[in-house]
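Since the structure comes first, as structure tokens, the remarks are kept for the end.
Both counts, for ligands and for their atoms, begin at 1 and track the order of listing. When reading the values below, keep in mind they use all heavy atoms of this one structure, side chains included, and skip hydrogens, waters and symmetry mates.
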Amino acid sequence: MSAIERLLISGIRSFDPNNRTVIKFSSPLTLIVGANGCGKTTIIECLKYATTGELPPNSKGGAFVNDPKIAGEAEIKAQVKLEFRNVNGKKMVCTRSLQVTQKRTGITMQTLEGVLTIPSDKNTGQEKVSVSSKCAELDLEMPIQLGISKAILENVIFCHQEESNWPLSEPLTLKKKFDDIFAATRYTKAVESFKKVRKEQAIELKIQSNDLKHFSENKKKSDRIKLEIEAASENISTLKNSISELSEKETTFEKRLSLFETYIEEFNSVEMEYKQLQHEKTILEQNLEELLSHIVIMDNQTEELNKILNEQENEKNRWEEIIASKNLKINKDNRKIEKLQLEISIVQQEIGKLEAQKAAHGEEIIKLNKLMKELITNNSLTINNWPNSLEIIEESEISKESAPEELCIAIKDEVDRKYKDYFIEGESLKGLIKSEEEENREFLYEKELLKSKTKQEMEQTMVNINKSTKEISNIKKKIEETKFSESELLELNEKLEKEMSSLDNIVKEKSKKNLNEKINKKRKEMNDIDYEILLASEEAAKSQRNSEMLGKAEITKKTLETKKNSFNKIFEELVTLSSGLISHATPIQDILQISAKHLQKTKTHASNAEKELEKSKSFLSSIETKTELLQDSLSGYKNEILEKEKLISSLCPDNQYESSLFQLQQQADGILEDLGKQKSQVLLYKTYITEAKNTKSCPLCIRGWKKPIQMEEFVAKLEKTYDTAPQLIRDAQNRLEKAQKELNDLRSMQPNIERIHQLTTNNIPELEEKLLELTKEKTKLESKHGKASRYSFLLFQN
Ligand SMILES: Nc1ncnc2c1ncn2[C@@H]1O[C@H](COP(=O)(O)OP(=O)(O)OP(=O)(O)O)[C@@H](O)[C@H]1O
């Protein structure tokens with residue numbers, strides 16, 4: 001239990017700041033007795049201040065410290081020092097220091113320090129320890145060390161006498177005090193936080209229990225899998241063992257099998273040999289039987305037998321000759337067969353070519369159908385008797401067939417009709433433009449006439465002015481020279497006045513001369529602008545010709561508008577000036593009225609012309625589309641030619657297809673001839689060798705040799721040639737095969753050559769012709785556009 005031991009007070013209220021008053025508290029009870037105002041309450045307040053840090057009510061402005069005014073000091077330092085034992089019985093010292101300063105405006109107070117220390121103890125050897133040196137910490141620390149809450153210290157133990165009636169106050173204040181004393185809010189908060197934590201823990205528990213559930217399931221699963229793995233590994237090891245056993249068995253079986261196979265092969269070969277021998281045996285038996293059947297035991301004389309032998313020899317020779325001739329015939333037939341085979345291959349190539357042409361024709365049909373479809377849709381053609389012409393064309397497109405010929409003719413007629421209509425329209429438009437040009441020319445001519453007339457009148461006026469000036473000078477001379485009577489003088493005066501007034505008029509006329517100059521200047525400007533307008537209109541016409549440069553035309557149109565405005569302005573100025581000059585001569589209003597009428601008329605023509613222009617523009621765009629399509633086809637054809645030429649040049653580098661083909665054919669023919677010769681030579685050599693050996697004479701000249709070695713040399717020579725002949729034949733056959741392969745490869749290019757020929761002689765020229773026609777048509781239309789634009793522009797300008 002905690003206990004207060006000593007209290008030191010210095011400079012608090014009535015306590016002297018220069019002395020330190022120490023109050024020692026006795027146990028179990030200390031009574032403070034004294035007169036009123038001696039300072040009992042101050043001691044309690046000091047205790048309260050030391051333990052809680054709270055100042056008495058209404059003393060925060062410095063009333064708690066000794067008044068500096070009373071002390072006659074500017075500054076007073078006060079201290080409260082409390083020595084006590086904490087709940088553990090440990091001695092502790094709490095020191096709090098204050099300072100008040102007397103200023104002009106009033107007293108200010110400030111806290112100097114607040115320290116809680118454990119004092120040194122010689123008995124225990126305890127050194128001085130500072131527990132806390134901050135006031136806020138000290139305020140919290142003191143109730144803890146004393147083991148009494150701040151509320152009890154404030155409201156119960158060191159309760160101020162002015163506040164000691166709180167148990168009798170309002171229930172709300174009372175509750176507040178009790179809540180403070182018993183720290184109820186803290187418990188409520190604690191309960192709330194417990195609830196919150198409980199809730200969170202419950203959620204966490206739920207999550208953890210769920211996890212646990214999953215973990216236990218997973219654990220079961222993993223145990224099961226482990227068991228399965230163990231069983232599987234056992235199985236694997238058993239299977240491995242059985243596999244190794246089986247592989248051992250397999251090798252043994254394989255060895256036995258290979259042994260059996262060799263046995264079977266041997267058996268088969270022996271069987272084959274046996275069968276062959278059986279077959280040979282039967283053939284030999286048959287031959288023997290045949291020979292035996294043919295053997296006739298002859299009982300003729302030797303001469304007769306010799307004769308028969310000779311006859312037989314002759315017969316044999318005849319047969320050999322026949323055989324040789326037959327062989328030659330066979331060779332010839334073989335060559336014929338080869339030629340026929342070549343012809344067959346040519347025919348096959350022709351078929352291929354025709355098929356390629358058929359495919360190309362099919363493509364052409366598709367393109368034609370497409371063109372017809374575009375023609376109908378783009379130009380909104382209506383074909384008589386073919387209301388569903390588009391569907392028919394679409395169907396034929398799908399089936400890759402050409403549209404019915406009657407429909408094609410109908411479309412062509414319709415296109416021709418449209419073309420004629422356009423042509424007639426163009427012609428009428430031309431006529432219209434011509435007539436309008438003539439009208440314009442007449443209008444300009446009239447204007448020129450008017451201009452020259454005005455000029456003449458002006459010249460006449462000038463002459464009159466000169467004449468009048470001369471007359472004035474003459475009259476002046478006469479006045480100076482002659483003396484007049486009064487009446488004459490009066491007359492002359494009147495005359496003079498008249499002349500003076502006419503002189504004034506003349507002067508006015510002269511000022512008009514300046515106007516003339518201005519008019520001329522304006523006219524010049526007008527002419528310049530006219531020229532500029534002409535240039536710009538030409539530019540606009542050019543721009544209109546090119547549909548891609550419509551933007552430029554728009555800009556030029558704007559420029560023209562500006563020019564037109566300035567032209568109109570100048571024209572108005574001219575009219576104003578002219579009206580002053582030639583008001584008596586030309587009715588300008590009439591001219592303007594005529595011009596307005598003319599303008600209205602020409603505007604109507606212009607709108608018509610613009611409509612026509614729009615129509616022909618759409619036609620022009622369809623022509624452009626056609627042109628693009630045709631150009632695409634043309635470039636497609638050209639690419640095809642390039643590809644095919646590339647293929648041909650890979651086989652025929654000099655691109656001389658016909659001559660290369662001819663040379664290769666000749667080469668193949670030559671090899672074939674050599675081969676035939678070699679084959680027949682082989683047969684002949686064989687015959688010669690046999691004959692030479694049999695007859696011991698040359699088979700060609702039928703002469704015998706003087707020495708047998710000569711015959712042997714001859715036979716050896718023939719045999720050598722005979723032996724090398726098969727190799728030569730094989731070589732020739734290889735060469736022939738190679739040549740024939742090259743020939744066939746080159747012949748396979750024939751369809752390509754034909755296609756190139758067809759493209760260069762028919763398709764491309766046709767397309768180019770069509771393109772030329774379209775270009776001409778386009779140019780015509782463009783020039784028509786240009787004229788129409790120029791015409792409309794001129795109308796607009798007017
Ligand atoms: N700021 C101050 N400076 C100097 N003296 C002061 C100051 N404030 C109060 N005093 C004096 O301190 C005394 C107040 O003392 P305190 O009220 O503690 O006396 P008390 O013994 O409790 O009186 P009572 O028995 O009437 O309650 C008064 O004499 C008062 O004049």
Check your understanding: Say you draw a straight line from CD1 of Ile148 to CD1 of Ile181; how long is it, rounded to the nearest 0.5 Å?
Key -> 13.0 Å
Exercise for review: Among all protein heavy atoms, pick out the one at the shortest distance from atom 4 (C) of ligand 1; state its residue, atom name and that distance to 0.1 Å.
Suggested key: Arg13 O, 3.5 Å
**Study point:** Ligand-residue contact atoms, ligand 1 with Asp67, heavy atoms, under 4.0 Å
**Key:** 1 (N), 2 (C), 3 (N)
**Study point:** Donor-acceptor side-chain pairing of Glu113 and Ser97 below 3.5 angstrom
**Key:** yes
Exercise for review: Considering heavy atoms of the protein only, find what lies nearest to atom 25 (O) of ligand 1 and give residue, atom and distance to 0.1 Å.
Suggested key: Asn36 OD1, 2.7 Å
Point to revise | atom 23 (O) of ligand 1 - nearest protein heavy atom and its distance | key: Gly37 N, 2.5 Å
Exercise for review: For residues 77-131, pull every pair meeting ring pair (Phe, Tyr, Trp, His ring centres under 6.0 Å), keeping only residues two or more places apart or in separate chains.
Suggested key: none
Review point. Is the shortest distance from a heavy atom of Ala63 to ligand 1 less than 4.0 Å?
Key: yes
**Study point:** Test item, Ala35 contacting ligand 1 (heavy atom, 4.0 angstrom)
**Key:** yes
**Study point:** Top protein contact for atom 1 (N) of ligand 1, by heavy-atom distance
**Key:** Val65 O, 3.4 Å
Review point. So is there a nitrogen or oxygen of Cys38 less than 3.5 Å from a nitrogen or oxygen in ligand 1?
Key: yes
Study note, to complete from the structure: Looking only at protein heavy atoms, what sits closest to atom 12 (O) of ligand 1 is Ser14 CB, 3.4 Å
Point to revise | Protein contact to atom 21 (O) of ligand 1 [nearest heavy atom, distance to 0.1 Å] | key: Lys40 NZ, 2.9 Å
Check your understanding: Considering only protein heavy atoms, which is closest to atom 27 (O) of ligand 1, and at what distance to one decimal place?
Key -> Thr41 OG1, 3.9 Å
Review point. Given side chains that start at C-beta, do those of Asn66 and Asp16 come closer than 4.5 Å, heavy atoms only?
Key: no
**Study point:** With Lys69 via side-chain hydrogen bond (donor to acceptor under 3.5 Å, both in side chains) - residues at least two apart
**Key:** none
Point to revise | Glu54/Lys48 ion pair, N-O < 4.0 Å | key: no
Review point. Atom 30 (C) of ligand 1: protein heavy atom closer than 4.0 Å?
Key: no
Review point. Would you say Lys40's side chain and Ala35's backbone share a donor-acceptor pair under 3.5 angstrom?
Key: yes
Review point. Based purely on interatomic distance, does Ile70 place a nitrogen or oxygen under 3.5 Å from a nitrogen or oxygen of ligand 1?
Key: no
Review point. Have Glu73 and Gln102 got a donor and an acceptor in their side chains that come within less than 3.5 Å?
Key: no
Exercise for review: Would you kindly specify which portion of Ile43 sits under 4.0 Å from ligand 1, judged on non-hydrogen atoms: side chain, backbone, both or neither?
Suggested key: neither
Exercise for review: Measure from the side-chain N and O atoms of Ser2 to the backbone N and O of Leu146, and report whether any donor-acceptor pair falls under 3.5 Å.
Suggested key: yes
